[in-house]
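Quick notes on the structure that follows.
Chain letters run A, B, ... following the sequence lines, proteins first, then strands; residues in each count from 1.
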Amino acid sequence: MPGADKETDLSERIESFLSELKRCGSGAGSLRGSAETARETTALLRRITAQARWGNAGELMEIIRKEGRRMTAAQPSETTVGNMIRRVLKIIREEYARSRGSSEETDQQESLHKLLTSGGSSEDNFRQHFTHLKANVIEAINELLTELEGTTDNISMQALEHIHSNEVIMTIGRSRTVEAFLKDAARKRKFHVIVAECAPFCQGHEMATSLCKEDIETTVIPDAAIFAVMSRVNKVIIGTQTVLANGGLRAVNGTHTLALAAKHHSTPLIVCAPMFKLSPQFPNEEDTFHKFVSPHEVLPFTEGEILSKVNAHCPVFDYVPPELITLFISNIGGNAPSYIYRLMSELYHPEDHEL
Amino acid sequence: MGDRLTASTMLQNEGKELTKEEKQRLRKEKKQHKKNKKDDKGPPEKEKEKEKASVPAPSKPATQSPAHKAAPAPVHASESAAAAEKPAKSKAELRAERRARQDSERTSKQGKKEGGQQSASSKPKATPNELQPVVKRLPEHVQVDDPAALKKLAKKLERQQVPLRSDYGYKVSLFSHLHQYSRKSPPTLQISIPATVIHPSIVRLGLQYSQGIIAGSNARSVALLHTFKQVIQDYSTPPNEELSRDLVNKLSPYISFLSQCRPLSASMGNAIKYIKKEISNIPSQCKEEEAKGKLQACIDSYINEKIILASEAISKYAIEKISDGDVILVYGCSSLVNHILCKAFEKQRKFRVIVVDSRPRLEGREALRRLVKKGIRCTYVLISALSYILPEVSKVFLGAHALLANGYVMSRVGTSQIALVAKAYNVPVLVCCETYKFCERVQTDSFVSNELDDPDDLIVTRNGKSHLENWQTVKSLGLLNLVYDVTPPDFVDLVITDLGMIPCTSVPVVLRVKNVDQ
């Protein structure tokens with residue numbers, strides 16, 4: 001029967017996506033860009049909306065929440081998955097509100113008046129059935145997909161506003177967003193880029209060779225030389241894995257050192273991050289923040305005799321507090337870190353922060 | 001103090017204006033003093049005399065001047081050339097005789113309130129020294145972008161029959177004034193075997209330096225001193241030559257060769273100055289065997305005092321700073337810091353160590369092996385994980401390559417980063433350094449004087465792929481492999497030396513005290 005086939009097909013896709021997420025997270029495998037993950041998640045959610053069985057918005061949201069919990073559990077460090085799920089949930093709420101006729105703004109805003117007057121929870125609000133809801137939601141998700149595809153270009157278009165000629169720019173590791181940003185500026189301006197290689201994975205090397213293809217003067221330095229060369233750097237432009245709710249970053253390890261060195265020399269630190277990286281999590285120094293990979297990258301097995309007597313650590317991420325960041329450049333423009341909480345409230349509904 | 005006073009400044013302090021007769025009297029006094037010491041010291045003494053006579057009385061020529069300084073006095077021009085190569089020695093002699101003169105004057109002026117005046121005037125006394133136009137020769141190894149300097153060096157090396165090493169690879173423009181050598185082309189390739197001019201143990205030492213087999217400030221200095229002992233052993237004075245002068249001339253090509261292999265470190269520079277001084281202090285009546293024995297004893301005592309005993313003293317001070325339950329962070333492989341930690345462990349202190357390491361040298365693994373062999377509990381991370389590990393740390397111990405006169409610490413690249421992040425987390429930073437590594441240079445950033453290591457070291461192969469393999473062919477790509485960096489003194493909380501525990505800003509005080517003692 002077509003319905004059953006669709007269901008099995010859907011669950012197969014979900015399972016394959018989950019297993020890919022689990023595999024990708026080891027850090028040593030082919031690291032997929034966050035943009036790709038975001039796109040695939042959104043496509044999958046669109047498929048779920050289209051093919052799953054649901055009667056009203058509430059049921060749809062329940063299904064998406066359930067799948068979302070499984071996806072985030074598969075790879076907790078991949079926050080774009082969770083972000084996309086929350087975006088879609090917000091889309092559903094908006095479409096529902098629009099179908100009902102009430103404006104979304106008044107519904108979403110928490111106000112003292114609302115707290116006092118509306119005693120009823122919004123739960124039973126989602127029980128109404130609308131025929132066009134499915135089509136509307138799918139259309140909105142398509143819009144989201146087009147937005148996702150255009151993020152890198154939107155960010156690179158702002159490059160010339162921030163880079164002047166004969167500048168020395170420093171970056172760390174490999175970020176596709178920053179790569180596109182710098183390449184776009186290089187078409188019109190001449191500047192020099194210093195890339196910190198970011199051991200132990202040394203992704204900086206890939207970044208440097210890729211930048212050289214566009215004839216950008218690049219220098220590769222080891223991580224230890226970051227403070228030594230910082231005095232000659234005019235700007236630091238980095239990418240990040242996640243932007244946290246307080247405006248801080250969860251970025252590749254070594255970024256905190258880079259940010260401190262930039263602060264010491266009063267060099268502006270610019271973070272190029274598309275909006276889908278914005279996550280409603282707050283930083284917590286417990287075990288959930290850090291992700292570790294196998295320390296054989298740090299201390300290889302060839303050092304056999306001391307290996308058993310030594311603890312070796314290989315954390316993947318660093319926390320960078322918002323005081324060290326000067327500017328966020330995202331697809332909707334430039335923002336200060338203090339504004340991030342506001343952007344977040346526009347993207348996600350407060351009740352979705354916990355899936 | 002006021003040990004640098006002369007008659008002139010004492011008179012100045014008393015408010016009298018110097019008349020012509022007094023100036024002449026002064027000059028005569030100085031000549032008398034010099035005549036008394038002429039027998040002991042060598043010819044450079046006359047050169048100083050000439051300097052003193054030429055400079056007007058109130059100011060004191062403290063520093064060696066190159067030959068071009070005006071010298072109306074008699075024929076000592078030749079001495080100046082010879083003396084120009086031994087600045088520290090004549091400086092030391094200058095100070096010695098100043099001290100003697102001051103002593104004699106002090107005894108002759110009893111009852112006057114000189115103590116206060118002396119100490120007060122020691123400062124203004126010092127400044128006339130530094131205000132003299134000191135034309136210090138810029139070391140060659142930071143003038144690579146100057147073709148005239150390169151030509152001069154090439155000529156000098158040709159004269160000494162030392163091979164010239166050529167630079168390798170594309171140099172980042174910020175560092176075009178420094179050499180960049182490749183480990184694959186050692187300077188010994190161009191020497192014929194057996195080398196005629198250069199002693200074979202020097203050749204071996206140079207090769208060990210250039211290949212990185214001997215690395216680390218103390219190790220290099222000790223190896224250098226042992227090799228010099230060997231050289232002195234094999235040396236025989238040619239006829240009609242004095243040992244004190246000829247041996248120093250013999251050492252010059254060796255030193256050029258070694259600096260071609262790898263630029264000399266501050267500690268090596270100080271050791272060489274000491275040896276040269278000792279050699280020139282050998283009296284001419286001394287027999288060759290006796291002189292050689294004396295020199296070898298000097299070298300042994302230098303190593304013993306400045307390196308071995310110093311590290312014992314430093315360990316004693318440092319162990320006071322290590323308490324039970326400490327988590328100590330160390331960076332790279334510093335022989336002194338490792339020694340301190342081993343000693344503290346022997347004294348039954350309970351602590352654990354975090355070793356931070358960095359590419360491409362990965363020296364921390366050596367430190368890790370030594371500490372683990374002792375039985376100390378260790379953790380190992382790379383420098384990019386510093387922000388993760390630092391909240392656990394209670395103290396940071398760092399070694400130093402040299403301590404500069406403005407309080408900056410010159411050490412392995414990455415040290416300043418560690419000090420910066422430790423400061424941000426309010427963790428105390430202690431630098432351990434022997435006094436023989438103190439140097440009179442000043443530097444504010446890591447660019448003007450540094451060392452560039454082989455850029456090929458940055459290439460790494462992961463998963464069978466190596467992205468930077470053909471970096472030479474890519475036009476706009478440069479690799480930068482710095483060896484040293486400078487840490488500003490506000491990141492360092494304490495410097496532990498064999499003279500005690502001092503703040504970073506007291507380095508010039510120690511230098512002054514040391515120079516007086518010499």
Side-chain angles (χ1 to χ4, degrees), chain A residues 28 168 172 192 194 196-202 205-229 231-232 252-257 259-261 263-264 285 290 295 297-299 303 305-306 309-315 317-320, chain B residues 172-174 331 354-355 357-361 365 368-369 372-373 375 377-389 391 412-417 419-421 423-424 445-447 450 455 457-460 462-463 466-468 471 474-482 484-487:
Chain A
V168 179
I172 188 170
H192 190 125
I194 299 181
E197 65 178 10
C198 189
F201 303 111
C202 294
H205 295 186
E206 275 182 61
M207 176 84 155
T209 37
S210 154
L211 287 175
C212 281
K213 292 208 182 82
E214 306 291 321
D215 263 349
I216 304 178
E217 280 279 335
T218 320
T219 305
V220 177
I221 61 167
D223 297 331
I226 287 178
F227 186 77
V229 301
S231 50
R232 295 294 170 272
V252 76
N253 66 341
T255 314
H256 190 207
T257 311
L260 283 171
K263 186 82 180 191
H264 182 262
E285 288 306 318
H290 283 288
E297 308 275 349
V298 167
L299 195 60
E303 302 281 333
E305 358 172 298
I306 49 176
K309 309 186 185 116
V310 168
N311 295 334
H313 296 290
C314 189
F317 298 122
D318 242 357
Y319 170 63
V320 182
Chain B
V172 179
S173 56
L174 283 169
Y331 176 59
I354 298 180
V355 179
D357 204 8
S358 74
R359 281 196 73 236
R361 285 179 164 239
R365 292 196 186 160
L368 194 64
R369 278 182 219 119
V372 169
K373 209 155 63 154
R377 267 196 309 150
C378 294
T379 307
Y380 179 80
V381 288
L382 287 181
I383 199 170
S384 39
L386 192 59
S387 306
Y388 164 71
I389 206 85
R412 187 66 80 219
V413 67
T415 311
S416 53
Q417 220 163 289
L420 168 80
V421 185
K423 191 86 188 173
D445 60 38
S446 321
F447 292 87
N450 207 327
D457 286 345
L458 287 181
I459 303 177
V460 69
R462 293 192 75 244
N463 302 333
S466 138
H467 293 275
L468 296 181
W471 69 277
V474 182
K475 197 163 50 114
S476 19
L477 185 59
L479 301 187
L480 186 59
N481 191 356
L482 284 179
Y484 299 118
D485 72 8
V486 283
T487 309

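A 4.5 Å side-chain heavy-atom check between B:Ser446 and A:Phe227 finds every atom pair outside the cut-off. Proximity of B:Val381 to A:Val298: side-chain heavy atoms (C-beta onward) are nowhere separated by under 4.5 Å. Between B:Pro360 and B:Asn481, some side-chain heavy-atom pair lies under the 4.5 Å cut-off.
Chosen from A:Ala224, A:Gly254, A:Ala261, A:Ala225, the residue pairing most often with chain B at heavy-atom distances under 4.5 Å is A:Ala224. Interface remark: of the candidates B:Leu386, B:Ile354, B:Ile389, B:Leu368, B:Leu368 forms the most heavy-atom pairs closer than 4.5 Å to chain A. When B:Leu420, B:Thr415, B:Val421 are compared by the number of non-hydrogen pairs under 4.5 Å with chain A, B:Leu420 comes out ahead. Comparing A:Ala208, A:Cys314, A:Pro200 by how many heavy-atom pairs each has under 4.5 Å with chain B, the most go to A:Pro200. Counting heavy-atom pairs closer than 4.5 Å to chain A, the top-ranked of the candidates B:Lys475, B:Lys423, B:Arg369 is B:Arg369. Comparing B:Asp485, B:Val372, B:Asn450, B:Asp457 by heavy-atom pairs within less than 4.5 Å of chain A, the highest count is held by B:Val372. Each of B:Leu174, B:Asp445, B:Leu477, B:Ile383 has some count of heavy-atom pairs under 4.5 Å with chain A, and the biggest count is that of B:Leu477. Among B:Pro391, B:Ser416, B:Ser173, the residue with the largest count of heavy-atom pairs under 4.5 Å with chain A is B:Ser416. The most heavy-atom pairs under 4.5 Å with chain B, out of A:Ala196, A:Ala312, A:Cys212, come from A:Cys212.
Using a distance-only test at 3.5 Å, with no hydrogens or angles considered, a donor-acceptor pair links the side chain of A:Asp318 to the main chain of A:His256. Looking at A:Asp223, its side chain does come within 3.5 Å of a backbone N or O of A:Ala199 through a donor-acceptor pair. A side-chain donor-acceptor contact under 3.5 Å links B:Arg359 to the backbone of B:Leu458. A distance-only check finds a donor-acceptor pair linking the side chain of A:Thr218 to the backbone of A:Ile216 [under 3.5 Å].
The cationic atom of B:Arg365 (NZ for Lys, CZ for Arg) does not lie both less than 6.0 Å from the six-membered ring centre of B:Tyr380 and within 45° of the ring axis.
Using a 4.5 Å cut-off between heavy atoms, A:Val168 does not touch chain B at all. Contacts between B:Ala424 and chain A at a heavy-atom distance below 4.5 Å involve the side chain alone, from C-beta outward. If you measure heavy-atom distances from B:Leu479 to chain A, the contacts under 4.5 Å come from both the backbone and the side chain. Within the 4.5 angstrom heavy-atom criterion, no atom of B:Tyr484 approaches chain A. Neither the backbone nor the side chain of A:Glu305 comes within contact range of chain B, judged by heavy atoms closer than 4.5 Å. Of the atoms belonging to B:Ser358, it is side-chain heavy atoms, and not backbone ones, that fall under 4.5 Å from chain A. For a residue to count as touching a neighbouring chain, one of its non-hydrogen atoms must lie under 4.5 Å from one of that chain's; by this rule B:Val413 touches chain A with backbone and side chain alike. Both the backbone and the side chain of A:His313 come within contact range of chain B, judged by heavy atoms closer than 4.5 Å.
The neighbour count for B:Arg377 CZ, taken as heavy atoms of other residues, nucleotides or ligands under 6.0 Å away, does not exceed 12.
In this structure, A:Phe317 has its ring center no closer than 6.0 Å to that of A:His290.
Nearest heavy-atom pair, A:Ala228 versus B:Phe447, reported as atom, atom and distance to 0.1 Å: O-CE1, 3.4 Å.
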